[in-house]
Amino acid sequence: MGLLTLRRRPTPVVEMSERDRRLVWRISSLLLDYPGPDTLAMLDDLSEAAATLPEPVRADLGRLLTHLAGTEPLVLARDYVETFDLRRRASLHLTYYAYGDTRKRGMALLRFKHAYRHAGAELSDHELPDHLPVLLEFAATVDPIGGERLLGEHVPVLEMLRLSLTDSRSPYADALAAVLSTLPPPTTADRRRIAELAAQGPPDEDVGLEPYSMNGEAMHPAMNPDLYSPPTAGNSAGTGLFAGSGDRR
């Protein structure tokens with residue numbers, strides 16, 4: 001090839017088509033979001049879609065779907081809040097692990113928002129841009145290349161979240177396993193970073209996040225269903241978190 005060499009794309013944990021990777025991200029985005037009535041109404045369709053995926057992703061998502069379908073909605077809502085909103089080591093906000101509520105986190109959040117804008121998607125004002133379901137929806141329905149890049153950069157956080165959920169025996173660990181299957185395996189450096197994050201925990205400093213405050217003005221939209229309307233079954237246009245977004249492959 002002379003002086004030019006092709007940069008090889010990292011191999012994901014599980015070989016699958018681009019369509020399947022995006023389907024994993026789409027299903028996981030919905031399953032990791034708050035289990036509201038619209039999402040629960042889609043479980044049959046999501047199960048049918050997950051059944052087309054390769055193993056072990058099919059089994060991972062299938063177990064979570066079975067759990068969601070067989071559990072009372074009020075119990076699901078309670079467990080979701082207890083799992084993701086009340087435990088510092090199980091936050092779905094990816095930058096929280098490294099920066100906590102500190103000034104540095106504001107710059108990390110802006111990087112996510114700039115990536116969304118670069119792809120032509122404008123995030124609604126009711127969600128932080130590093131929320132994992134938001135990033136997964138972005139990767140699945142707006143910009144798979146940019147979304148994959150952001151997901152890949154946060155493999156240590158995703159793996160630490162998976163381990164935390166596994167330790168607490170949360171069924172949501174299966175969704176993290178499915179997402180990680182679409183990405184390259186953790187490197188030696190990633191594993192060192194996982195150990196560091198696990199040992200240190202998120203730093204404390206409740207300043208510097210404007211305009212990304214963790215107060216009620218930036219609460220998760222699913223805690224206030226009037227703020228957005230999730231898609232109907234079979235709709236691939238997104239959950240409404242991105243204003244005017246569409247598939248921009």
Side-chain angles (χ1 to χ4, degrees), residues 12-14 24-25 27-35 39 56-57 59-68 71 75-102 104-105 108-109 112 127-137 139 147-148 150-206 209 212 214 218-220 222-223:
V13 172
V14 176
V24 171
W25 296 335
I27 294 173
S28 299
S29 171
L30 290 165
L31 298 187
L32 286 169
D33 210 341
Y34 184 84
T39 298
V57 179
D60 289 333
L61 293 176
R63 284 190 296 270
L64 178 54
L65 284 158
T66 298
H67 168 76
L68 294 174
T71 305
V75 175
L76 290 176
R78 180 201 65 197
D79 290 349
Y80 185 92
V81 171
E82 289 179 353
T83 298
F84 296 117
D85 295 344
L86 302 181
R87 296 178 58 224
R88 282 164 54 86
R89 293 182 183 272
S91 172
L92 289 173
H93 294 281
L94 300 182
T95 64
Y96 179 71
Y97 293 89
Y99 302 109
D101 290 332
T102 68
K104 291 182 179 180
R105 188 177 173 211
L109 290 169
F112 279 82
E127 185 57 270
L128 292 174
D130 66 336
H131 195 244
L132 180 55
V134 172
L135 177 55
L136 289 169
E137 179 184 332
E148 179 187 7
L150 286 170
L151 287 168
E153 291 174 1
H154 290 83
V155 162
V157 170
L158 295 172
E159 175 63 8
M160 195 181 75
L161 177 56
R162 184 192 69 81
L163 292 171
S164 177
L165 294 172
T166 300
D167 287 345
S168 64
R169 298 183 179 180
S170 169
Y172 288 103
D174 286 322
L176 269 295
V179 171
L180 284 163
S181 294
T182 69
L183 303 171
T187 63
T188 300
D190 287 336
R191 295 192 183 282
R192 284 198 297 266
R193 184 58 176 154
I194 292 166
E196 291 172 359
L197 292 172
Q200 297 170 1
D204 291 317
E205 180 186 324
D206 295 325
L209 280 181
Y212 297 117
M214 292 295 284
M219 70 178 180
H220 191 285
M223 303 304 290

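One finds the CG atom of L132 at 7.0 Å from the CG atom of L151 (value rounded to the nearest 0.5 Å). Taking CD of E153 as the start and CD of E148 as the end, the distance is 11.0 Å to the nearest 0.5 Å. For the atom pair CG (L92) and CG (L176), the distance works out to 7.5 Å, reported to the nearest 0.5 Å. Note: R193 CZ to M160 CE = 9.0 Å, rounded to the nearest 0.5 Å. Taking CG from L161 and CG from L32, the interatomic distance works out to 8.0 Å, rounded to the nearest 0.5 Å. The CG atom of D33 lies 7.5 Å from the CD atom of E127; values are rounded to the nearest 0.5 Å.
There is a side-chain donor-acceptor pair under 3.5 Å between T187 and D190.
Here the shortest heavy-atom pairing between P12 and T182 reads CB-O, 3.3 Å. Between R89 and A199, the closest heavy-atom pair is NH2-O, 4.3 Å. Between A90 and T83, the closest heavy-atom pair is CB-O, 3.2 Å. Shown here for L64 and P171, the closest heavy-atom pair between the two residues is CD1-O, 3.7 Å. Among all heavy-atom pairs drawn from L61 and A175, the shortest one is CD2-CA, 4.4 Å. The shortest non-hydrogen separation linking L150 to H154 is O-ND1, 2.8 Å.
Checking side-chain atoms of S28 against main-chain N and O of V179 turns up no donor-acceptor pair under 3.5 Å. The closest donor-acceptor contact from the side chain of S29 to the backbone of W25 lies at 3.5 Å or more, if one exists at all. Checking side-chain atoms of S168 against main-chain N and O of L165 turns up a donor-acceptor pair under 3.5 Å.
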Apply side chain to side chain contact (heavy atoms under 4.5 Å, CB included) to L94 and L158, showing your working. CA-CA 8 Å; L94 300 182; L158 295 172; 4.0 Å; yes
Test side chain to side chain contact (heavy atoms under 4.5 Å, CB included) on L180 and V13; report intermediate values, then the result. CA-CA 7 Å; L180 284 163; V13 172; 5.8 Å; no
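Between Y172 and Y80, the ring-plane angle classifies as perpendicular under the 30° and 60° cut-offs.
Salt-bridge check for D130 with R105: passed, with a basic side-chain N closer than 4.0 Å to an acidic carboxylate O.
F112 places none of its side-chain heavy atoms less than 4.5 Å from the side chain of V134.
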